[in-house]
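Everything numeric in this text was worked out from a predicted model, so none of it was measured. Letters go in sequence order (proteins before strands), and every chain restarts at 1.
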Amino acid sequence: MIELSHVTKMYGNVVGVNDLDVSLESAAYGLIGPNGSGKTTLINLLIGHFRPTIGTVRVFGKTPTSHRGILRKIGLCPASDVLYPNVSALEWVKYLVRLHGMSHRESLVSAETALEIVGMTDAMHRPMGTYSLGMRQRTKIAQAIAHEPDLLILDEPYNGLDPVGRAEMTAVLKSWVAKGRGLLFASHVLQEIEAVTSAFLLIHGGRLLASGSASDIESILVDTPQQVVIVGPDAARLVHRLADVPWVDSLSMSAGRTELKVSLRDPAEFYRQVPKWIHSDGLSIEQLRASGGNLETVFESLLKHHRGEVT
Amino acid sequence: MNQLLLPLDVMVFELRRSLTIGRIAIWMMLIAFPLGIVTTISMAAKLKLGERYTAEHLTEPFGMAMYFLIPEVSCLLGLLLWATPAISTEIEGQTWVYLMMRQSGRGVVLIGKYLTGVVWTLSASLIAVALCCIVVGPDIGSELWWVLTKLVTLSCFVHAALYLSIGTIFYRRTMVAAVLYTVFVEYVVSFIPALVNKFTINYRLRGLLADWMKWDNARSQAEHIFGSESASMHLMMLALMVAILLGIAVYRVQRTEYPTQQEG
């Protein structure tokens, strides 16, 4: 479905994406990375809006910049909002489908069907200026799926959706994936992607840090330096155990002596030893969690792995 | 056939979404502005000349005034607002990404927007010409109407292509670039008595005005303003300009990596 061969995109002296080299079969993938990581640049390369500075991009076996025909097979829901306030969703989606060269009749039927799928039938004749953010988001999804593409690319599709809207959107996307169609789902929130697919591409600083399932990525992280916070009334009693071992870099105790922050050189060894010590010493520990607990920490760990700082 | 009608569908969509109070007010201003000035000139002439006022003797002053006010000012103002920002408004509104994602998105949308600019401005300009001709009276109005109608039509098609190409090249500060070009090239260079003025649109339109109005005296006395070429030469040059300018615009829009203003 997608082949990127050593793709680099530069904006003057700034690197958009750096040496991306990956081949993806037709399936659902989560493209995850923090804001500014290169997700949108990658998407723009896939739809042929950007030409790679170095390398080649092929989608369905063709170069998107020179074969505009493949856009018929791709549906894109960009992160940007729709700003046609006095046009109805039906008019807009029909217009965009028509720009694929479909007839008026086909465009109308396709637009109505797509808007029905995203639950916009009741409001589709109203001007989009009267829509809530969630309704505009669903309309954006409708324009992406209306021409029945083989690959659907979504850039932060949950933006503006309330919990009910998110659940409905997840159902739509799961149904899309169940039909065996391709999906590339860009987000900076892991949980959003996990609800739809278990295959990830992790991108950071324009580089593809890791790809595979959640367990594949966990197996990379287990050998990567991490920070762990041990929380509990007996957290301080673990200090003497951890102070002497070679796989700990540093220890930091909180003022209340209930939180112990541990910088690990070998997380696997930590997870092997600490439960044993807690049990043998009869310690009361309430929580073990990654420091920061956010995706940025995971990315930092993966970045170290990617740079070869960890073997 | 289905594909050939696509630009017309873009035009219909664009005209439909332009039916806002602000846009309609501007459209009416394009009619009211030349009409008001021509009416004022006509009334002033009648007041000053009194019994001696005969429209036939004022064909040239009225013709020049109406030519300057409509094909050279009204048309340009309308097209500055419509054709110039055709792409930049989509980029600034972050809607360009939706259009260029379509198989026929880029070129067809550009041509559709070109036609929209032409139709929108031409409709206002033609009404302005008709009303101005009514004001100056039937004695000279009928002759002026036919010539100015042709000039307005040509002006809209050529200037729209010019502004569209400027808009695709300078997608940031588009209006500034178009206004500077208009003032410097179309209003200054077109009057320079040198080869360079032959490459301006207004020189060609003035040449056609003098030719079609049979102002031979004016042409002989001010050749650098009205030119000496035949009408067919002027028409051919204008057609060539449209083809080249639209070609540049289509090429630019197909090749340029316009910013999508998205993060991530």
Side-chain angles (χ1 to χ4, degrees), chain A residues 9 11 31 33-44 47-51 65 67-87 91-92 94-104 106-107 127 140 143-144 147 149 153 155-156 186-188 203, chain B residues 1-24 85-113 116 171 250-264:
Chain A
K9 176 65 186 174
Y11 304 105
L31 178 62
N35 286 335
S37 59
K39 299 191 297 292
T40 305
T41 301
L42 174 57
I43 289 172
N44 280 321
I47 61 172
H49 183 48
F50 289 168
R51 280 175 196 77
T65 44
H67 296 87
R68 300 269 187 232
I70 64 154
L71 292 176
R72 182 77 172 72
K73 291 183 168 187
I74 304 173
L76 171 69
C77 175
S80 56
D81 203 358
V82 193
L83 296 170
Y84 291 151
N86 62 341
V87 174
E91 280 177 284
W92 186 58
K94 183 191 164 215
Y95 169 64
L96 291 178
V97 177
R98 176 85 179 105
L99 286 177
H100 274 306
M102 290 164 79
S103 70
H104 280 284
E106 286 173 321
S107 306
K140 281 165 55 183
Q143 63 79 32
H147 58 288
I153 302 174
D155 198 354
E156 308 284 357
S187 174
H188 63 279
I203 189 169
Chain B
M1 192 62 185
N2 186 38
Q3 294 287 331
L4 290 174
L5 292 175
L6 273 173
L8 293 178
D9 288 330
V10 174
M11 186 187 79
V12 170
F13 179 82
E14 290 292 328
L15 286 173
R16 154 75 187 82
R17 83 182 180 96
S18 69
L19 291 177
T20 60
I21 291 170
R23 293 270 192 178
I24 292 167
I87 301 300
S88 63
T89 49
E90 299 289 353
I91 293 169
E92 285 164 17
Q94 302 186 27
T95 44
W96 177 244
V97 66
Y98 295 95
L99 300 172
M100 59 92 178
M101 253 311 287
R102 307 290 146 176
Q103 191 176 333
S104 311
R106 299 175 187 230
V108 162
V109 167
L110 189 82
I111 299 300
K113 282 174 175 274
T116 310
Y171 56 89
V250 170
Y251 177 80
R252 280 284 301 176
V253 90
Q254 294 284 4
R255 301 280 303 174
T256 308
E257 296 176 358
Y258 292 117
T260 54
Q261 297 195 347
Q262 298 175 73
E263 290 180 1

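Here the side chains of A:L96 and B:L99 are in contact, with some heavy-atom distance below 4.5 Å. Counting heavy atoms from C-beta on, the side chains of B:R17 and A:W92 never come closer than 4.5 Å. In this structure, B:R255 and A:R51 have side chains that are in contact, with non-hydrogen atoms separated by less than 4.5 Å. Contact check for B:M100 versus A:N44: side-chain heavy atoms found under the 4.5 Å cut-off. A 4.5 Å side-chain heavy-atom check between B:D9 and A:K94 finds every atom pair outside the cut-off.
Environment of CD1 in B:I21: sparse, with no more than 12 heavy atoms of neighbouring residues, nucleotides or ligands closer than 6.0 Å. In the displayed structure, A:Y11 atom OH is contacted under 6.0 Å by more than 12 heavy atoms of other residues, nucleotides or ligands.
Heavy atoms only, all atoms of each residue included: B:L6 and A:G101 are closest at CD1-CA, 4.3 Å. Shown here for B:Y98 and A:S80, the closest heavy-atom pair between the two residues is OH-O, 2.7 Å. In plain terms, the two heavy atoms of B:E257 and A:K9 that are nearest each other are OE1-NZ, 2.7 Å.
Heavy atoms of B:F13 lying under 4.5 Å from chain A belong exclusively to its side chain. For a residue to count as touching a neighbouring chain, one of its non-hydrogen atoms must lie under 4.5 Å from one of that chain's; by this rule B:R106 touches chain A with the side chain only. Of the two parts of A:I74, the backbone and the side chain both hold a non-hydrogen atom closer than 4.5 Å to a non-hydrogen atom of chain B. Only the side chain of A:Y95 comes within less than 4.5 Å of a heavy atom in chain B; its backbone stays farther off. Looking at B:V10, the atoms closer than 4.5 Å to chain A (heavy atoms on both sides) sit in the backbone and in the side chain alike.
Every side chain to side chain donor-acceptor pair (under 3.5 Å) that B:R102 has, sequence neighbours left out, goes to A:H100, A:Q143. Residues forming a salt bridge (charged side-chain N to carboxylate O under 4.0 Å, His left out) with B:R16 (at least two apart in sequence, or on another chain): A:E91.
Atoms CZ and CE, on A:R72 and B:M101 in that order, are 11.5 Å from each other to the nearest 0.5 Å. Remark: A:N86 CG to B:R23 CZ distance equals 10.0 Å, nearest 0.5 Å.
Comparing A:L71, A:I47, A:D81 by heavy-atom pairs within less than 4.5 Å of chain B, the highest count is held by A:L71.
With A:R68 contributing its side chain and B:G105 its backbone, the two residues share no donor-acceptor pair below 3.5 Å.
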